[in-house]
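Here the structure comes first, spelled out in structure tokens, and everything after it is commentary.
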Protein chains: 2
Amino acid sequence: MAEKYDVFQAIADPTRRRLLELLAGKELSISTISSHFTMSRTAVTKHLYVLESAGLVVARKIGREKLYCLEAKPLQKLRTWLTFYEQLWDNKLAILKNVVENNHSEE
Amino acid sequence: MAEKYDVFQAIADPTRRRLLELLAGKELSISTISSHFTMSRTAVTKHLYVLESAGLVVARKIGREKLYCLEAKPLQKLRTWLTFYEQLWDNKLAILKNVVENNHSEE
DNA sequence: ACTATATACAACCAAATGGTTGCATGTCAA
DNA sequence: TTGACATGCAACCATTTGGTTGTATATAGT
């Protein structure tokens with residue numbers, strides 16, 4: 001598999017979002033996690049790898065089990081990214097910005 | 001090309017995030033937009049299609065030009081999604097939740 | 001020691017993704 | 001009407017993605 005995954009990429013897949021939801025506040029083994037999905041355990045493992053490499057989950061090995069849990073911090077990056085666009089929810093500000101930038105020298 | 005794109009999918013690609021940034025508060029033609037990228041105009045058009053089908057940009061045709069601008073509203077969906085995980089930034093709450101759910105019957 | 005269970009990993013596959021080039025079409029301007 | 005410009009669109013291509021199966025290895029329990 002590949003090297004490094006992005007937070008944006010990691011959350012793009014619906015299955016991976018379900019995984020994050022499932023792991024919120026819980027610590028679950030791969031088998032337990034897989035039991036919530038119809039796809040194979042291997043497929044789930046791959047998704048977990050993507051999430052892990054994006055820093056969104058962390059794992060520790062206990063005996064023969066590998067326990068995963070959510071790590072929400074990297075989502076702050078997304079939060080920051082969003083903040084910029086929140087100003088434009090309803091684009092009143094955007095229109096104003098445009099007016100200021102392009103029309104302020106008229107009349 | 002395919003049918004419908006998701007907001008999560010749409011913002012997964014760095015090029016498309018650059019496009020959104022470029023179109024914030026501005027209305028630009030495909031050619032003008034393309035001039036900001038090294039890839040072909042066709043490639044840019046495809047990215048714009050993805051964004052459009054996710055509702056993140058809107059276009060109107062003026063003469064021979066097609067003008068695109070940002071439509072931030074669909075990002076609210078992402079904002080809502082994020083809110084759930086914000087509680088877990090630092091996982092104090094998560095730990096507490098775990099304690100309450102699993103250990104409250106002890107002693 | 002034997003068997004169950006939990007995971008790891010390689011190999012393979014179809015479809016989606018992100019890009020290209022070439023050509024057709026519509027529109028503006030002289 | 002003749003270019004030049006702006007876009008549309010089909011065909012093609014390599015790589016990535018999301019999934020599979022099969023086999024190997026490590027650990028737990030009896």
Side-chain angles (χ1 to χ4, degrees), chain A residues 1-23 26-71 74, chain B residues 1-23 26-71 74:
Chain A
M1 294 202 63
E3 329 67 66
K4 200 46 183 159
Y5 281 87
D6 201 56
V7 181
F8 289 92
Q9 246 180 299
I11 64 156
D13 187 274
T15 303
R16 286 196 289 271
R17 291 199 298 277
R18 279 188 59 202
L19 280 169
L20 292 180
E21 208 177 323
L22 190 61
L23 292 171
K26 283 186 260 177
E27 196 178 32
L28 301 176
S29 74
I30 296 178
S31 298
T32 310
I33 296 167
S34 295
S35 71
H36 290 76
F37 295 83
T38 55
M39 74 187 76
S40 72
R41 179 182 49 78
T42 307
V44 172
T45 303
K46 285 186 184 179
H47 282 299
L48 286 169
Y49 172 82
V50 174
L51 291 173
E52 191 174 13
S53 87
L56 287 169
V57 297
V58 286
R60 60 179 181 133
K61 195 146 193 181
I62 301 288
R64 58 183 164 180
E65 302 195 313
K66 196 171 178 186
L67 303 177
Y68 279 90
C69 70
L70 176 69
E71 179 59 80
Chain B
M1 292 203 64
E3 329 66 68
K4 200 45 184 159
Y5 281 88
D6 200 55
V7 181
F8 289 93
Q9 245 180 298
I11 65 158
D13 187 274
T15 302
R16 287 195 289 269
R17 290 199 299 277
R18 280 187 59 203
L19 280 169
L20 292 180
E21 208 178 322
L22 190 61
L23 293 172
K26 282 186 262 178
E27 197 179 31
L28 302 175
S29 74
I30 296 179
S31 298
T32 310
I33 296 167
S34 295
S35 71
H36 289 76
F37 295 84
T38 54
M39 73 187 77
S40 73
R41 178 183 49 80
T42 307
V44 172
T45 303
K46 285 186 185 179
H47 282 299
L48 286 169
Y49 173 81
V50 175
L51 291 173
E52 191 174 12
S53 86
L56 287 168
V57 297
V58 285
R60 59 177 182 137
K61 196 148 192 179
I62 300 289
R64 56 182 165 182
E65 302 194 313
K66 195 170 178 185
L67 302 177
Y68 279 91
C69 70
L70 176 69
E71 179 60 77

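Protein chains get the first letters and strands the later ones, always in sequence-line order, with residue 1 at the start of each. Because the structure is a prediction, the values reported are computed rather than measured.
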- Would you say S40(B) reaches dT20(C)'s phosphate, i.e. side-chain N/O to OP1/OP2 under 4.0 Å? yes
Mate of dT27(D) across any strand shown (Watson-Crick or G-U wobble, both atom pairs under 3.5 Å) is none
Separation of dT17(D) atom C1' from D6(A) atom CG, nearest Å, is 15 Å
**Item:** V50(A) side chain reached by D13(A) side chain, heavy atoms, under 4.5 Å
**Value:** no
T42(B) meets the side chain to side chain donor-acceptor pair (under 3.5 Å) criterion, sequence neighbours left out, with none
Y49(B) OH to dT7(D) P, in whole Å, measures 18 Å
Here the distance between atom P of dT20(D) and atom CZ of F37(A), to the nearest Å, is 12 Å
A correct 5'-to-3' footprint of nucleotides 22-30 of chain C, with B, S and - meaning base, sugar-phosphate only and no protein heavy atom under 4.0 Å, is B----BS--
Review point. Can you check whether L67(A)'s main-chain N or O pairs, donor with acceptor, with R60(A)'s side chain at less than 3.5 Å?
Key: no
task: Keeping the roles fixed (side chain from R41(B), backbone from S34(B)), state whether a donor-acceptor pair exists under 3.5 Å.
output: no
Here the distance between atom P of dA26(D) and atom NZ of K61(A), to the nearest Å, is 10 Å
From CD of E65(B) across to C1' of dA6(D) the rounded distance in Å is 7 Å
Taken to the nearest whole Å, CG/L48(B) to C1'/dC9(D) is 15 Å
task = Kindly indicate whether the side chain of F37(B), heavy atoms from C-beta on, has any atom under 4.5 Å from the side chain of R18(B).
result = yes
Requested in this report: Compare all side-chain heavy atoms of L23(A) with those of L51(A) and state whether any distance is below 4.5 angstrom.
Outcome: no
Expected label for dA4(D) (glycosidic angle, syn inside 90° of 0, else anti) would be anti
Of dT7(D), dA8(C), dG19(C), the nucleotide closest to the side chain of K46(B) is dG19(C)
Hits for side chain to side chain donor-acceptor pair (under 3.5 Å) against T45(A), two or more places apart or cross-chain, chain-then-number order -> none
Rounded to whole Å, CD of Q9(A) lies from P of dG18(D) at a distance of 9 Å
**Message:** Quick check: any donor-acceptor pair below 3.5 Å linking the side-chain of K66(B) to the base of dG8(D)?
**Reply:** no
Between NE2 of H47(A) and P of dT16(D) the distance, given in whole Å, is 18 Å
Does T45(A) put a side-chain nitrogen or oxygen below 4.0 Å from OP1 or OP2 of dC9(C)? no
In Watson-Crick or G-U wobble terms, with both distances under 3.5 Å, the base opposite dA4(C) is none
